There are 2 protein chains.
Amino acid sequence: MTAHVHNHAALTKNQALVFGELSKAEGPLSAYTILDQLRSEGFRAPLQVYRALDKLVEFGMVHRLESLNAFVACSHKDCEAHSAAAFAICEKCGQVTELSDAKLDDRLRELAEATGFALTKSVVELRGICADCKAA
Amino acid sequence: MTAHVHNHAALTKNQALVFGELSKAEGPLSAYTILDQLRSEGFRAPLQVYRALDKLVEFGMVHRLESLNAFVACSHKDCEAHSAAAFAICEKCGQVTELSDAKLDDRLRELAEATGFALTKSVVELRGICADCKAA
DNA sequence: TACGCAATGTTATCTTATAACATGACAGCA
DNA sequence: TGCTGTCATGTTATAAGATAACATTGCGTA
Ligand SMILES: [Zn+2]
Ligand SMILES: [Zn+2]
Ligand SMILES: [Zn+2]
Ligand SMILES: [Zn+2]
């Protein structure tokens, strides 16, 4: 019984290995961290990681965090395509929370339309201190 | 008569040179592009650029575009501190438009508050095709 | 003058990402 | 069976972005 079910064609070996590392990680991982963790599985070069990540991002199973140059597994249980994702990134503990908010999406769409901009993808990354770290 | 007026302490020589390059550029510049353009002014090493950029970003005169690893001069005439900035980045021509939107800011604040997240800074970068490129 | 401090200069190194080219696996078809 | 296209993979080298560590300079002030 797997925690994730996917509509995508079955993952290739490398894609599955990379996704596995991201899934069991507590927080975001850099491509090179993933590489180091997978050396025991035979990984030798960055491209093996980057190629898998490209596909996983394309499938919507992994998100890239632009402000960290790192990657996280999508937190949605079924990994189905979701419009836009926003992320809250704690600068103290590194925890990343994936947020979905229709009002935010609407506002971004309105902003784009107002200037005739054809929106392809939105990057929303909130930086700050998470509730746990604030309390501590 | 300068186009920009600043409240900040006068810029240092290096800061002024870097800000000058960004101000006269059509679009965002990478740190290394700035370095190359300032070699004739005596710049030799990346740190000379990064240190100036750090200060300019701190002053609010320059913004870093996380999804491009590049920098732009703030488009506000007086460079006064503004809450949050969003950017629309054309993936065809590279043009970047700086947007300010109170409703967007409010929504981001609400989202953060709802989860007890202490917001420090928000990164909002819209990717897509600008009106000009769409028309062409 | 002597001190403190910020800016600057310099070299080396680290991290992140891609180019270029070769090989392997497999499906569809002659 | 052998050919061919395509996709995943492997490998080496290099490009691009960012920082560490340390030395030096310039300047205001006690
Ligand atoms: Zn997601
Ligand atoms: Zn935290
Ligand atoms: Zn601005
Ligand atoms: Zn454009």
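This is a predicted model, so every value here is computed, not measured. The chains referred to below are lettered A, B, ... by the order of the sequence lines, with proteins before strands, and numbering in each begins at 1.
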* Under 4.5 Å between any side-chain heavy atoms of B/Glu66 and B/Glu125, yes or no? -> yes
* Using whole Å, report how far CG of A/Leu35 lies from P of C/dT18. => 15 Å
* Which residue lies more 5' along DNA chain D, comparing A/Pro46 with B/Asp54 via nearest heavy atoms -> A/Pro46
* Verify the contact: side-chain N or O of B/Ser30 to OP1 or OP2 of D/dA16, cut-off strictly under 4.0 Å; return yes or no. => no
* To do: Would you kindly give the CG-to-P distance between B/Leu47 and D/dG17, to the nearest whole Å?
  => 16 Å
* B/Gln48 has an atom CD; how far is it from atom P of D/dG17, in whole Å? -> 18 Å
* **Integer-rounded Å distance: D/dA18 C1' and B/Leu65 CG** => 17 Å
* To do: Specify the separation, in whole Å, of atom CG of B/Asn14 and atom C1' of D/dG26.
  => 13 Å
* To do: In whole angstrom, give the distance that lies between atom NZ of B/Lys13 and atom P of C/dG9.
  => 6 Å
* To do: Determine: side-chain N/O of B/Thr12 to OP1/OP2 of C/dA6, distance under 4.0 Å, yes or no.
  => no
* Consider the side chain of A/Lys55, meaning its heavy atoms from C-beta on, and name the nucleotide among D/dA8, C/dA17, D/dT19 that approaches it most closely. => D/dA8
* To do: May I ask you to verify if any side-chain N or O of A/Asn69 is less than 4.0 angstrom from the OP1 or OP2 atom of C/dT15?
  => no
* Asked: What is the distance from CZ of A/Arg51 to C1' of D/dT6, rounded to the nearest Å?
  -> 14 Å
* Asked: If we only count heavy atoms from C-beta on, is the B/Glu98 to B/Cys74 side-chain gap below 4.5 Å?
  -> yes
* Do the non-hydrogen side-chain atoms of B/Phe117 and A/Thr97 ever get within less than 4.5 Å of each other? -> no
* Give one of base, sugar-phosphate or nothing for B/Arg44, where a contact means two heavy atoms less than 4.0 Å apart. => sugar-phosphate
* Mark yes or no for whether A/Gln48, through its side chain, and A/Ala45, through its backbone, hold a donor-acceptor pair below 3.5 Å. => yes
* To do: May I ask you to check whether A/His63 and A/Phe87 place their ring centers less than 6.0 Å from one another?
  => yes
* Tell me: OH of B/Tyr32 to C1' of D/dA18, nearest whole Å? -> 6 Å
